[in-house]
2 protein chains.
Amino acid sequence: MDSEIPAPLLAVLERREMLTQPVRAALGSLPWRLQVVGDGREIIPEGFRPTEVCLLLDGMAADMRYLASGDRQITTLHVPGDFVDLHGLFVKVLDHGVLALTDCQIAVVRHEDVRRAMLDDPAIADLVSTMIARGAAIQRTWIVCMGRKDPVRRIGHLVCEMSARVLAPRHGQGHRFEFPITQAELADLAGLSVVHTNRALQELRATGLVAWQGANVVIHNWTSLATFAGFDPTYLGLVQDAG
Amino acid sequence: MDSEIPAPLLAVLERREMLTQPVRAALGSLPWRLQVVGDGREIIPEGFRPTEVCLLLDGMAADMRYLASGDRQITTLHVPGDFVDLHGLFVKVLDHGVLALTDCQIAVVRHEDVRRAMLDDPAIADLVSTMIARGAAIQRTWIVCMGRKDPVRRIGHLVCEMSARVLAPRHGQGHRFEFPITQAELADLAGLSVVHTNRALQELRATGLVAWQGANVVIHNWTSLATFAGFDPTYLGLVQDAG
DNA sequence: CGTCTTCTTGATACGATTCAAGACGGGTGG
DNA sequence: CCACCCGTCTTGAATCGTATCAAGAAGACG
């Protein structure tokens with residue numbers, strides 16, 4: 001629509017990655033269009049063969065897969081600044097669908113334009129690969145939570161992660177952030193029943209570490225919650241890691 | 001050691017990806033050294049800052065993370081042809097360790113050499129990104145299995161996947177392959193106790209779809225097993241997908 | 001032959017799912 | 001403004017699944 005206003009695209013990416021000036025320039029000149037997807041609608045259907053990538057500008061989305069049984073499993077959450085289907089540049093068929101958990105605003109960029117930018121500046125190619133690798137690390141961590149953490153810690157870990165991905169983490173301090181996910185969606189993410197998710201949430205609130213009402217999550221003591229949930233932010237590769 | 005004999009490196013990679021002649025040439029000229037890691041030893045420790053990538057030539061390895069409780073969770077298995085730490089090119093600190101599940105032979109290549117090859121030929125950069133993206137798809141699929149599949153199907157799915165990754169899948173036919181994993185390791189992979197893993201295995205064998213004794217797995221009816229376990233190979237992006 | 005690891009089994013306790021139903025809250029139409 | 005409706009959250013009770021504990025059997029290895 002309005003490729004003459006690249007600001008939001010850059011602004012949202014810079015929350016996540018440190019961008020050099022040439023990279024900023026290259027990203028800023030990428031043609032893109034805005035797309036709006038309503039709460040509960042599919043951004044990308046499972047099995048799609050994408051020719052574009054989608055950068056989430058606003059809202060929350062989830063990668064998800066349906067089973068033959070009718071069950072579904074959410075594999076990752078996406079927050080503004082995430083490309084929801086970046087790996088579509090490298091694998092032809094998407095193995096999951098992407099669901100809008102809220103009303104979402106998306107910047108859509110054609111594969112060929114991204115590929116050209118990657119060829120023109122290898123730093124762009126690096127950025128793309130880094131984002132894919134980070135997404136994989138998040139999934140890996142979630143496997144650990146699903147396999148070896150009880151539901152309360154599992155959700156506690158999720159709260160830590162989402163707060164770190166949405167905000168700049170300030171350890172030891174309180175955090176407040178918006179987490180507009182229903183308990184049914186949380187259940188499909190955590191691999192639990194809705195009923196049990198509800199009870200795990202109550203238990204988590206009962207620890208006093210977290211207040212969670214509606215879409216508002218308040219972490220009263222970040223460090224204690226991280227310790228309780230076994231959250232180690234290494235895998236997020238955030239900026240403090242300048243080594 | 002012997003960078004004048006690149007054949008095994010290429011041979012093992014070509015089981016997985018279709019390589020063009022220039023890519024073959026570039027990979028063939030990469031300097032590398034052979035490393036041998038014994039059964040049960042760590043190939044890479046958790047939290048390592050790698051300066052090299054490791055290509056598994058022979059054996060089986062597992063990405064894994066320890067929890068404070070002493071529990072551990074395996075997040076992915078690696079078979080010959082997999083780079084076990086390719087994402088180390090893009091993230092500085094590895095968020096997991098890599099464990100040799102058998103005696104392993106590994107080709108070690110320095111990051112700087114891989115990076116040079118990526119710059120010289122963007123097709124190499126693409127190959128690297130594709131392998132990372134495929135690894136992520138495998139993890140995503142495992143999240144689905146852990147969250148929404150009962151233990152029997154979970155292990156059944158794993159058998160399908162490993163057979164597809166080790167062999168060229170021939171649907172509807174029987175398969176035999178080596179799967180040298182202990183039940184304790186399987187438990188840490190599936191997020192189960194050892195006892196329950198044992199019982200799930202017995203139940204899987206009782207279906208008659210799979211025979212599994214020691215390191216030898218025989219799939220009697222691939223299609224039935226895939227249906228039973230809900231295995232859809234799309235995510236592996238194997239060669240049949242030439243679209 | 002003995003020792004160690006891996007596999008197997010039974011019994012018990014706990015955790016999670018399921019079913020069913022009610023409470024709450026936001027939005028819509030009368 | 002109120003009544004209603006629908007989606008979401010919450011609760012209780014019964015059932016099933018899974019972990020845990022403990023011990024024995026089967027192999028592998030020296």
Side-chain angles (χ1 to χ4, degrees), chain A residues 38-41 60 62 67 69-74 99-103 144-156 158-159 178-207 210-217, chain B residues 38-41 60 62 67 69-74 99-103 145-156 159 178-207 210-217:
Chain A
D39 184 359
R41 311 224 29 169
M60 199 164 82
L67 303 187
S69 61
D71 288 339
R72 73 177 185 189
Q73 175 68 39
I74 291 174
L99 180 72
L101 298 181
T102 66
D103 291 340
V144 176
C145 290
M146 301 251 296
R148 290 294 181 221
K149 286 190 168 135
D150 63 68
V152 182
R153 278 166 238 269
R154 208 178 295 178
I155 296 175
L158 181 73
V159 169
E178 277 209 7
F179 195 4
I181 192 171
T182 67
Q183 292 186 8
E185 288 155 354
L186 203 52
D188 284 336
L189 177 58
L192 300 168
S193 68
V194 183
V195 171
H196 203 68
T197 300
N198 178 277
R199 287 173 177 145
L201 269 176
Q202 292 178 47
E203 220 178 302
L204 182 62
R205 287 188 286 239
T207 63
V210 179
W212 186 336
Q213 26 210 356
N216 278 336
V217 175
Chain B
D39 184 359
R41 311 223 31 165
M60 200 165 83
L67 303 187
S69 61
D71 288 340
R72 73 176 185 188
Q73 175 68 37
I74 291 174
L99 180 74
L101 298 181
T102 65
D103 291 338
C145 289
M146 300 251 296
R148 290 293 182 224
K149 286 191 167 130
D150 62 69
V152 183
R153 277 166 239 268
R154 209 178 295 176
I155 296 175
V159 168
E178 276 208 9
F179 195 4
I181 191 172
T182 68
Q183 292 186 7
E185 289 155 354
L186 204 51
D188 284 336
L189 177 58
L192 301 167
S193 67
V194 183
V195 172
H196 203 69
T197 300
N198 179 276
R199 287 176 176 142
L201 269 175
Q202 292 179 47
E203 220 179 303
L204 183 62
R205 287 189 286 239
T207 63
V210 179
W212 186 334
Q213 25 210 357
N216 277 337
V217 175

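Just so you know, these numbers come straight off a predicted model, no measurement behind them. Naming: A, B, ... by sequence-line order, numbering from 1 per chain.
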Side chain of [X], backbone of [Y]: donor and acceptor closer than 3.5 Å?
X: B:R148; Y: A:L192; result: yes
X: A:Q73; Y: A:D188; result: yes
X: B:D103; Y: B:D39; result: yes

Go through the structure and list residues passing side chain to side chain donor-acceptor pair (under 3.5 Å) with B:T182, not counting sequence neighbours.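 Partners of B:T182 under the side chain to side chain donor-acceptor pair (under 3.5 Å) test: B:E185.
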Length of the CH2-P vector between A:W212 and D:dT8, whole Å: 15 Å
Report yes if the side chains of B:R72 and B:L67 come closer than 4.5 Å at any heavy-atom pair, otherwise no. no
Below 4.5 Å, heavy atoms only, C-beta onward: do B:I155 and B:V210 meet side chain to side chain?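 No, side chains not in contact.
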Could you check A:V195 against A:R199 for side chain to side chain contact (heavy atoms under 4.5 Å, CB included), going step by step and ending with a plain yes or no? CA-CA 6 Å; A:V195 171; A:R199 287 173 177 145; 3.1 Å; yes
Please say whether more than 12 non-hydrogen atoms of neighbouring residues, nucleotides or ligands are located less than 6.0 Å from CZ in A:R41. no
Are there any protein N/O atoms within less than 3.5 Å of an N/O atom in nucleotides 15-18 of chain D, and if so, which ones and at what distance?
residue, atom, partner, partner atom, Å
D:dT18, OP2, B:H196, NE2, 3.1

Quick test: give all pairs of protein nitrogen or oxygen and nucleotides 9-13 of chain D nitrogen or oxygen below 3.5 Å, distance rounded to 0.1 Å.
residue, atom, partner, partner atom, Å
D:dC9, OP2, A:Q183, N, 2.8
D:dT10, OP1, A:R205, NH2, 3.4
D:dT10, OP2, A:Q183, NE2, 2.5
D:dT10, OP2, A:N198, ND2, 2.6
D:dT10, O5', A:N198, ND2, 3.2
D:dT11, OP2, A:Q202, OE1, 2.6
D:dT11, OP2, A:Q202, NE2, 2.8
D:dG12, N7, A:R199, NH2, 2.5
D:dA13, N6, A:R199, NH1, 3.4

